[in-house]
Amino acid sequence: MAGHTKSIERLQTELAKLPGIGARSAERLAFHLLKAGAEEALALADAIRDVKASVRPCSVCHNLAEGELCDICADDRRDKGVICVVEQPKDLLSLEATGEFHGVFHVLMGQIAPLEGSEPEDLTIDEMIARIRAGGVREIIMATNPTVAGDATALHIIDRMKEFPAVKITRLARGLPSGGSIEYSNVSILSDALKERREI
Ligand SMILES: [Zn+2]
């Protein structure tokens, strides 16, 4: 990177912090932005600024939202009695892509992994329990990832659910490869996993 101006170096340094972008790609992107018209380059800067200023967690389910509620919680046609519990907003998007699910979600914002410093209280489990206490929930679908940490997270939540014997707990069918992830599963596998979910 030597030889470039200070501000080009700064842009490259920032770009190289993005996942999957090495030093060479960062340099290529930086020069692309330098060549691009001011309008195009600044549109990217504006989009970044805008997303950081306006996107925040949904006050109900912790999905990404641009207001108090996310699009799903704000939709009257969604069945608020069925809550699908996922680890991350990306998992929610994958399940939404199936078009099979008409309930609502709860995003845990992580998984229980004590060795990595992630304890149950770091997740939104208390908020989920409060949601169920408020009433009207008939079913909880556990859709954590089929990994050791995902399973530990599901078991912890199932234990907390003893407080609500009337609420059915189901789990995505084991069509997902063990150790795989919801985020990278294809639509038909996820669709089957939802349709064939089993009661625990
Ligand atoms: Zn929401």
Side-chain angles (χ1 to χ4, degrees), residues 19 47-113 118-147 149-164 166-173 176 181-187 189-195 197 199-200:
I48 294 170
R49 210 181 300 280
D50 203 38
V51 89
K52 294 312 286 181
S54 58
V55 176
R56 55 176 171 164
C58 169
S59 65
V60 173
C61 76
H62 295 267
N63 181 21
L64 301 173
E66 294 210 10
E68 183 73 12
L69 296 177
C70 71
D71 291 345
I72 296 170
C73 289
D75 187 345
D76 288 337
R77 292 163 299 182
R78 305 293 294 231
D79 182 354
K80 306 290 193 302
V82 181
I83 301 179
C84 182
V85 181
V86 296
E87 293 175 16
Q88 298 289 350
K90 282 192 229 168
D91 301 330
L92 178 158
L93 288 178
S94 298
L95 289 162
E96 274 295 282
T98 66
E100 259 335 297
F101 183 62
H102 310 290
V104 290
F105 289 91
H106 191 86
V107 183
L108 295 168
M109 299 310 294
Q111 47 182 203
I112 299 173
S118 179
E119 305 284 349
E121 53 272 24
D122 298 322
L123 309 184
T124 63
I125 297 171
D126 287 341
E127 288 91 331
M128 186 196 107
I129 297 294
R131 256 178 106 177
I132 302 168
R133 273 190 199 134
V137 177
R138 307 185 308 279
E139 179 183 353
I140 293 287
I141 304 170
M142 294 305 314
T144 51
N145 282 302
T147 58
D151 286 342
T153 308
L155 286 175
H156 177 89
I157 291 172
I158 290 163
D159 194 55
R160 296 276 305 262
M161 288 297 297
K162 285 179 183 152
E163 185 184 336
F164 312 104
V167 177
K168 184 159 101 170
I169 307 172
T170 57
R171 193 138 194 216
L172 290 187
L176 302 177
S181 72
I182 290 172
E183 182 187 349
Y184 297 113
S185 295
N186 72 41
V187 165
I189 286 179
L190 284 178
S191 182
D192 289 345
L194 263 171
K195 276 188 270 186
R197 63 185 187 263
E199 189 161 359
I200 295 172

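If you read the sequence from its start, that first residue is 1, and numbering goes on from there. In each ligand, atom 1 is the first atom listed, and ligand 1 is the first ligand listed.
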Below the 2.8 Å mark, what number of protein N, O or S atoms do you get around the Zn ion (ligand 1)? 4

Within the 3.5 Å criterion, strictly below it, is a donor on Thr144 or Gln111 matched to an acceptor on the partner's side chain? no

Partners passing salt bridge (Lys or Arg N to Asp or Glu O under 4.0 Å) against Asp126 (at least two apart in sequence or in another chain): Arg160

Answer whether the closest heavy-atom distance between the side chains of His156 and Asp159 falls below 4.5 Å. no

Strictly below 4.0 Å, N to O, side chains only: are Arg197 and Glu100 in salt-bridge contact? no

Which pairs with one or both residues in residues 80-99 pass salt bridge (Lys or Arg N to Asp or Glu O under 4.0 Å), sequence neighbours excluded? Arg78-Glu96, Lys90-Glu183

So which pairs with a foot in residues 65-74 pass side chain to side chain donor-acceptor pair (under 3.5 Å), sequence neighbours left out? Ser59-Glu68

